[in-house]
Amino acid sequence: MKTKIQVIDADYTINGDTPEIQLYGKTQKGENILAVDTNFRPYFYATPVNDLEELREAIEKEEFTDDNGEKLEVTKIEEVEKFDGHEEVEALKVYTTVPPNVPKIEKQVYDMHETSECREYDIPFYKRYLIDKNIRPVKTIEIEGEEATAEGFNKKVEIESIETVEETELEFEELAFDLEVYEGEIIMASFASKNYTKLLTTEEIDREAVETVENERNLLKRFIEIVDERDVDVLTGYNTDEYDFQRLRERCEEHNIELSLGRDGERMKFKRRGRFSGARLKGRMHLDLYPFIEHILAPGIDSETLDLDSVAQEMLGREKDDLSWEEMKQSWEEKEDLEEFADYALKDAELAYELAQEIIPQMLELSRITGLIPFDTCRLTYGQLTENYLLREAFERDMISPNRPTRSERRKRQNQGAYSGGFVYEPDSGLHENIAVLDFRSLYPTVMVSHNISPDTLNIEDCSDEFEMDKFNYTFCQDFQGFFPELVENLVEERYKLKSNLDDYEDGSKKYNSINNRQKALKLLANSYYGYLGYNGARWYSRESAEATTYMGREYIQETIQKAEEKGFEVVYGDTDSLFIQKENLKEEMDDFLLEVNENLPRFMELELEGVFTRGFFTSTDSGGGAKKKYALLSEDGSMKITGFEQVRRDWSPIAKDTQKQVLEHVLNERTDEAIELVKTVIQRLKDGEVPPEELRIYTTLTKPPEEYDSTAPHVEAVKKAKDRGDDIEAETTISYVVTRGTGNISSRAELTKYAEDYDAEYYIENQIIPVSLRVLKVFGYTEGQLLGKGRQSGLGRFN
DNA sequence: CTTGACCGGGG
DNA sequence: GTGTACGGTCAAG
């Protein structure tokens, strides 16, 4: 019987001397399928110094053994013709019995003098299988084979054939969760899903979602039951790898409970991945939102910090919660206002669930494109994401992939130092009216395609059409399309097709969202190639390609700036792929300018209008020039776009950040006088002691126990004093402090916000308000003295 | 300027 | 587990 499934997870086990691939799939009806394949064998490639036969004989003769003297069997050797970049090569495909033998045999083969190189010996077995069988997770495949039963699954299929078929839509059962921990014990576990919320806790709390359990032990048992009962496909949360699952494991060990969250009841296992560990649940997708946000989405997020509250605020437009951990701890200790605490705990699970609705479809789309299982997609970095796609595309083109660089090779690459990046045009500081912002659509990808910049077109011998740059002594061959340009072009073109299809569907409809997620994923991938080429851990590392790409990027932006000036535009600013221009009759002339620039660009490149802004403000550097990458724009609809200012950083007090934002707002609306007044008012309020501590607190995180700090930074001193008062402050605490009045340096006067009985108005004026305000106002010639005015010091900076 | 330690998210 | 992978900032040297 044939079964259509979407693979959601993949793994392998070893039975005796036979590896068994295990695919976990869902059918459209929601059945869970375990598909196994026992016919796939591990292998790697070896290339000869002289000829294939000599190497084959040498390998056949050689006895391979592991450290214990156990024999490592080479079961088969095939002669294959492959491409190494653009070059044809002959190689041996060397097979063995079980996957862990591969790197061991490889090392010994590599040491043989008949061997030139070994390749593809470090590709995890389940990935190898998915690549070789052209299976892409979360895409629909049809499998056929003998069927049997398996614990925890509707059925097991012994794969005999696999076919890719038309997509079927299916819904996954998703569940977001969050834990609250107090003094090392889990006191709450909250869950959120579609039309479902639940809060497990050991207290009686008057909230509908609350289920009271007797103790932590029962809480853990119920946790496991809930995941099982709900038949969860996607378990999600925020930083669950590094926090929640660590706690779950510790507490389960303490209570001697097996954390059996796998579909077949297997216990959760941490899978080491460099500096991270991923919590793996067999047959389910545990997708932690945080690593994906940190690695993949962060560049597109404005928020300075990536905590759940900030990210949810930005992506979902949700209000921030201001219940502090201090307050929650107190509420738990005194068993007061537990309802509020419960609401907070539930809200975190709900935020994670809502965020998951935005993010997980993007992750799954990336899995469909790159062929990685969602567990990997969610935790990989940009470079690794790109690389996995390249491995698959290389396989389809009969290419053998380059090896990963060794540590020393990576160091060597790093020591070459940085190459020049984008071009930044120094602005004139001050206000500018009526600005058009133009930018090159996907500058680097389109440059790579236009000039066929690729590791495999670099310095080709016998090339008839070479692309040369004056600055460098290498060339890119134009006789054939390179690997990277081909991939980028395909991705960009597929994305355009999708984007034009988008108009056929209603905004927000299922189909619209699915196409939109796919186009976003394609954009992400297309934009990743340039960075990948310059990433020192890349298999296809090519400093020349990366350097040539930014060089050509600079050429294009500078040419465009020059052309704009020739046409009588005033260029205000430009950064890498954008330029800000102004002129009388801007709107009319800008279109002609765009048209003319685009006519002269290579086919694939395009300069676009990002928007027209009423006014822009550029600040200056200490030495007086216009500062780069720090500006604010006022849109025609009155909204403000701020780039680069302190406003978004958390090591500034709310009052400083807020003052800066308002100063910018006034300045952009040509009310500089009011900006001065505003600053003076804030200064006066500070002097009068009218400012509440919440506006003065400065946040930092304690990463180790306070006593282990050598430094006398303000936050450390504040914590030490709090400890002397009997507070129990552990490592890993985010604290906020206020600088209070008194004598001595700033550190000695820092107190935790809750212990601050007064504040040092002078500190806040001199070190917070003045610097952030002057950052803007010095451009207009204002000085510290003018901001300080003659405001009379009336109060003593004491809280009322 | 270079080098090494620290830090992120979570409670 | 076909193991052992970040990147930026800041203070000290």
Side-chain angles (χ1 to χ4, degrees), chain A residues 11-14 19 41-45 94-107 118-129 131 178-188 237-247 269 271-278 280 288-295 298-299 304-311 323-326 328-329 332 341 344-345 348 352 376 379-385 387 403-405 407 410 414-415 417 531 535-538 649-651 700-704 708-711 713 729-734:
Chain A
D11 205 356
Y12 84 97
T13 58
I14 298 172
R41 296 290 176 267
Y43 66 86
F44 66 97
Y45 297 106
V94 182
Y95 289 84
T96 180
T97 50
V98 293
N101 288 357
V102 169
K104 296 175 193 160
I105 296 176
E106 178 272 330
K107 276 193 194 82
C118 292
R119 295 283 187 93
E120 303 198 13
Y121 47 80
D122 56 1
I123 298 169
F125 192 55
Y126 70 93
K127 283 190 190 171
R128 177 86 273 171
Y129 182 81
I131 291 172
D178 180 48
L179 300 180
E180 308 299 327
V181 176
Y182 175 72
E183 294 190 334
E185 280 198 30
I186 300 171
I187 55 172
M188 287 180 182
Y238 206 78
N239 206 19
T240 43
D241 274 345
E242 295 280 289
Y243 190 78
D244 303 72
F245 269 110
Q246 306 275 5
R247 300 290 88 76
K269 282 183 183 155
K271 206 173 145 185
R272 283 290 300 270
R273 343 172 36 88
R275 77 188 239 274
F276 289 116
S277 284
R280 228 179 120 75
D288 184 351
L289 300 173
Y290 176 66
F292 189 75
I293 288 175
E294 188 196 20
H295 296 147
E304 191 81 4
T305 57
L306 296 179
D307 56 287
L308 177 58
D309 243 18
S310 310
V311 172
L323 194 58
S324 74
W325 175 238
E326 279 301 320
M328 286 193 283
K329 217 160 88 170
W332 186 257
F341 190 178
Y344 173 90
D348 269 6
D376 287 335
R379 292 165 179 84
L380 286 184
T381 59
Y382 235 100
Q384 292 159 330
L385 200 63
E387 188 149 284
N403 291 331
R404 291 168 60 180
R407 214 174 295 176
R410 288 186 69 159
Q414 205 145 33
N415 289 342
Y535 160 55
N536 63 42
R649 303 179 54 118
R650 79 165 177 181
D651 47 357
T700 32
T701 303
L702 228 52
T703 54
K704 50 186 181 183
E708 283 178 27
Y709 277 90
D710 294 330
S711 102
I729 298 171
E730 302 159 55
E732 327 289 302
T733 315
T734 298

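Every heavy atom of this structure was used, including side-chain atoms; hydrogens, water molecules and symmetry mates were not. As the structure is a computational prediction, the values presented were derived from the model and not from experiment.
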So [X], base contact, sugar-phosphate only, or nothing? Heavy-atom distance under 4.0 Å.
X: A/Pro103; value: sugar-phosphate
X: A/Glu106; value: nothing
X: A/Leu308; value: sugar-phosphate
X: A/Asn101; value: nothing
X: A/Leu306; value: sugar-phosphate
X: A/Asn536; value: nothing
X: A/Leu179; value: sugar-phosphate
X: A/Tyr12; value: sugar-phosphate
X: A/Phe44; value: nothing

Select one nucleotide: of [options], the one nearest the side-chain heavy atoms of [X].
X: A/Arg272; options: C/dG1, C/dG3, B/dG8; value: C/dG3
X: A/Lys271; options: B/dG10, C/dA5, C/dG1; value: C/dG1
X: A/Arg404; options: C/dG1, C/dT4, C/dG7; value: C/dT4
X: A/Tyr344; options: B/dG11, C/dG3, B/dG10; value: B/dG11
X: A/Tyr238; options: C/dG1, B/dG9, C/dG3; value: B/dG9
X: A/Tyr535; options: C/dG3, B/dG8, C/dG7; value: C/dG7
X: A/Arg410; options: B/dG9, C/dG1, C/dA5; value: C/dA5
X: A/Asp122; options: B/dG8, C/dG7, C/dG3; value: C/dG3

query = Side chain of A/His295, backbone of A/Tyr382: donor and acceptor closer than 3.5 Å?
reply = no
query = When you measure from the side chain of A/Gln384 to the backbone N and O of A/Thr381, does any donor-acceptor pair fall under 3.5 Å?
reply = yes
In whole Å, what is the span from the [atom1] atom of [X] to the [atom2] atom of [N]?
X: A/Asn239; N: B/dG9; atom1: CG; atom2: P; answer: 9 Å
X: A/Lys127; N: C/dG1; atom1: NZ; atom2: C1'; answer: 12 Å
X: A/Phe276; N: C/dG7; atom1: CZ; atom2: C1'; answer: 11 Å
X: A/Arg128; N: C/dG3; atom1: CZ; atom2: P; answer: 12 Å
X: A/Phe292; N: B/dG8; atom1: CZ; atom2: C1'; answer: 18 Å
X: A/Asp241; N: B/dG8; atom1: CG; atom2: P; answer: 18 Å
X: A/Tyr290; N: B/dC7; atom1: OH; atom2: P; answer: 14 Å
X: A/Leu289; N: B/dG10; atom1: CG; atom2: C1'; answer: 13 Å

Among A/Asp348, A/Asp309, A/Asp244, A/Leu308, side chain to side chain contact (heavy atoms under 4.5 Å, CB included) partner for A/Tyr238 = A/Leu308
query = Is the shortest side-chain N to carboxylate O distance from A/Arg128 to A/Glu120 below 4.0 Å?
reply = yes
ask   = Charged N to carboxylate O under 4.0 angstrom, A/Asp241 versus A/Arg379?
value = yes
Upstream residue (5' side of DNA chain B) when A/Met328 and A/Glu294 are each assigned their closest nucleotide = A/Glu294
ask   = Around atom NZ of A/Lys269, are there more than 12 heavy atoms of other residues, nucleotides or ligands at under 6.0 Å?
value = no
ask   = What integer number of Å spans the P atoms of C/dG8 and C/dT4?
value = 23 Å
request  = Using the C1' atoms only, state how far B/dG11 lies from C/dG7, rounded to an integer number of Å.
outcome  = 26 Å
Output field: ring centroids A/Tyr12/A/Tyr126 closer than 6.0 Å = no
